[in-house]
Amino acid sequence: MVLVIRKKQWLIALACCLVLIAVPVIWGFAQGQSVTANASANTNWGLSFQENGKTPVGNASAEALKANNAYYCGSAEEKVIYLTFDAGYENGYTPAILDTLKKHNAKAAFFVVGNYIQTSPDLVKRMVEEGHIVGNHTFHHPDMSKISDMASFQEEISSLEALYQETTGQEMQKYYRPPQGKYSEANLKMANELGYKTVFWSLAYVDWYVDKQPTKEEAFSKLLPRIHPGAVVLLHSTSKTNCEILDELLTKWEEEGYTFGTLEELCA
């Protein structure tokens with residue numbers, strides 16, 4: 001009887017040990033599968049601002065992005081700002097924006113689409129002549145995260161390159177921004193294979209609704225406290241508010257000791 005009880009106890013103890021060993025292995029496998037799925041899943045670029053004046057946390061780390069030649073911020077030790085504008089179409093404000101940039105001797109990057117080059121070739125040429133980068137925002141501005149094959153991805157990129165070269169007589173500099181910030185890890189790898197550096201951002205605000213523009217106060221409430229060393233700032237050139245506040249905004253940042261860098265410096 002005693003032997004039977006002891007045998008049962010031994011079997012129970014053995015079973016418990018096996019469970020304790022198996023659970024972490026199964027959990028680790030499940031977590032690994034989840035991480036793998038998330039790494040390849042389509043996503044929207046997103047930021048978490050945890051402290052004013054500090055680099056926000058992206059939904060991918062700077063180190064992970066850099067593995068595919070992608071960037072969202074510069075050095076947190078240097079008070080440098082990288083100005084970028086997304087330009088889906090011309091809304092009448094770009095000439096004034098370019099005037100302001102010239103006044104502050106600030107070079108920016110304008111990420112344009114096919115429609116912009118087709119309808120505003122003279123402004124694109126002016127951007128180039130004044131030393132700004134004209135970057136690739138794709139020809140048709142689709143959700144690139146839904147494109148999984150290289151041929152279709154390359155078509156969106158290379159067709160804009162061809163139009164840019166036809167318009168300006170120059171090769172397009174290889175900086176790419178995914179439309180709406182929608183991307184997948186596969187997209188980043190494809191852009192890298194095409195020689196492109198993908199540029200996200202570390203500071204932006206809701207400025208793209210043409211019929212619902214923020215006030216100057218609303219814009220400054222986002223753009224002033226959240227500026228940080230190494231900030232890649234995204235503004236939309238279609239914004240009336242951005243046009244009106246840009247001179248004062250750049251002046252305020254300069255008064256805080258910031259200078260303006262280029263994407264060549266960011267991605268060096």
Side-chain angles (χ1 to χ4, degrees), residues 39-46 58-60 62 64-73 82-90 94 107-121 123-128 131-202 204 208 232 234-238 262-268:
S40 61
N42 301 343
T43 188
N44 294 329
W45 177 245
N59 59 9
L65 290 173
K66 195 170 183 180
N68 286 307
N69 256 329
Y71 305 82
Y72 86 98
C73 61
Y82 305 92
L83 297 171
T84 70
F85 293 84
D86 282 4
Y89 61 95
E90 179 51 42
T94 304
K107 305 304 180 187
F110 290 84
F111 287 94
V112 303
V113 298
N115 170 72
Y116 194 93
I117 299 178
Q118 290 170 333
T119 59
S120 306
L123 282 175
V124 173
K125 292 175 185 176
R126 180 180 169 186
M127 292 170 189
V128 175
H132 303 292
I133 287 172
V134 177
N136 201 317
H137 205 35
T138 74
F139 197 98
H140 297 103
H141 201 265
D143 179 349
M144 294 293 277
S145 70
K146 293 181 179 178
I147 297 178
S148 58
D149 64 289
M150 174 59 99
S152 299
F153 185 92
Q154 186 171 7
E155 176 62 23
E156 276 293 333
I157 299 295
S158 61
S159 57
L160 189 77
E161 289 177 340
L163 178 60
Y164 175 85
Q165 186 164 20
E166 178 185 330
T167 302
T168 66
Q170 300 184 25
E171 288 189 9
M172 175 169 265
Q173 291 181 266
K174 296 204 169 186
Y175 297 95
Y176 161 66
R177 173 165 285 161
Q180 304 175 64
K182 293 183 177 181
Y183 73 102
S184 68
E185 186 179 12
N187 289 163
L188 300 183
K189 291 179 179 178
M190 286 188 280
N192 190 26
E193 289 175 16
L194 294 174
Y196 273 85
K197 296 174 174 65
T198 300
V199 182
F200 292 104
W201 58 88
S202 63
W208 56 86
V232 177
L234 162 60
L235 300 172
H236 285 81
S237 60
T238 53
T262 66
L263 294 189
E264 291 101 330
E265 295 164 349
L266 172 71
C267 305

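One is the number of the first residue; the rest follow in order along the sequence. All values below were derived from every heavy atom in this structure, side-chain atoms included, with hydrogens, water molecules and symmetry-related copies excluded.
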Checklist outcome for this item: To the nearest 0.5 Å, atom CE of Met190 lies from atom CD1 of Ile147 at 7.5 Å
Item to check | Polar side-chain atom of Asn59 near backbone of Asn44 as donor-acceptor pair, under 3.5 Å | outcome: yes
Item to check | Check: Leu65 and Tyr71 side chains under 4.5 Å, non-hydrogen atoms | outcome: no
Next on the checklist: What I'd like to find out is whether the side chain of Thr119 reaches to under 4.5 Å of the side chain of Tyr89, using heavy atoms alone.
Outcome noted: no
Item to check | Flag, side chain of Gln180 to backbone of Asp143, donor-acceptor distance under 3.5 Å | outcome: no
Next on the checklist: Strictly distance-based, threshold 3.5 Å: is any side-chain N or O of Asn136 a donor or acceptor partner for the main-chain N or O of Ile157?
Outcome noted: yes
Item to check | Donor-acceptor contact present, side-chain Arg177 to main-chain Phe200, <3.5 Å | outcome: yes
Checklist entry - After noting the C-alpha distance and the side-chain angles of Leu194 and Met150, does the key distance pass the side chain to side chain contact (heavy atoms under 4.5 Å, CB included) rule? => result CA-CA 10 Å; Leu194 294 174; Met150 174 59 99; 4.3 Å; yes
Checklist entry - Measuring from Lys197:NZ to Gln173:CD, what's the distance to the nearest 0.5 Å? => result 10.0 Å
Checklist entry - Ignoring hydrogens and geometry, is there a side-chain-to-backbone donor-acceptor pair from His236 to Asp86 under 3.5 Å? => result no
Checklist entry - Which distance, rounded to the nearest 0.5 Å, do you find between the NE2 of His132 and the CZ of Arg126? => result 7.5 Å
Next on the checklist: Please evaluate residues Asn187 and Lys182 with respect to the criterion side chain to side chain contact (heavy atoms under 4.5 Å, CB included), reporting the C-alpha separation (whole Å), side-chain torsions for both, the decisive distance (0.1 Å), and the verdict.
Outcome noted: CA-CA 10 Å; Asn187 289 163; Lys182 293 183 177 181; over 6 Å; no
Item to check | Check: Glu156 and His140 side chains under 4.5 Å, non-hydrogen atoms | outcome: yes
Checklist entry - Which one of Tyr183, Tyr82, Trp45, Trp201 satisfies the ring pair (Phe, Tyr, Trp, His ring centres under 6.0 Å) criterion with Tyr72? => result Trp45
Checklist entry - Any idea which heavy atoms bring Cys73 and Leu266 closest together, and the distance? => result O-CD1, 3.5 Å
Item to check | Interatomic spacing from CD1 in Ile117 to OG1 in Thr167 - rounded to 0.5 Å | outcome: 5.5 Å
Checklist entry - Short question: side chain of His137, backbone of Val113 - any donor-acceptor pair under 3.5 Å? => result no
Next on the checklist: Before you tell me yes or no, could you show the steps for Asn68 and Thr198 under side chain to side chain contact (heavy atoms under 4.5 Å, CB included), namely the whole-Å CA-CA distance, both residues' side-chain angles and the distance that decides it to 0.1 Å?
Outcome noted: CA-CA 8 Å; Asn68 286 307; Thr198 300; over 6 Å; no
Checklist entry - Which residue pairs pass the ring-ring contact (aromatic ring centres under 6.0 Å, His included) test with at least one member in residues 158-181, sequence neighbours excluded? => result Phe153-Tyr176
Next on the checklist: Using 0.5 Å steps for rounding, measure from the CG atom of Leu160 to the CE atom of Met172.
Outcome noted: 4.5 Å
Item to check | Pro179 versus Thr138, closest heavy-atom pair with distance | outcome: CG-OG1, 3.5 Å
Checklist entry - Going by heavy atoms in the side chains, are Asn69 and Tyr196 under 4.5 Å from each other? => result no
Checklist entry - Any sub-3.5 Å donor-acceptor pair from Ser145's side-chain atoms to Ser184's backbone N or O? => result no
Item to check | Separation of Ser237 OG from Tyr116 OH (nearest 0.5 Å) | outcome: 5.5 Å
Checklist entry - Does Thr262 have any side-chain hydrogen bond (donor to acceptor under 3.5 Å, both in side chains) partners at least two apart in sequence or in another chain, and if so, which? => result Glu264
Checklist entry - Would a 4.5 Å heavy-atom cut-off, applied to side chains only, mark Val199 and Phe111 as touching? => result yes
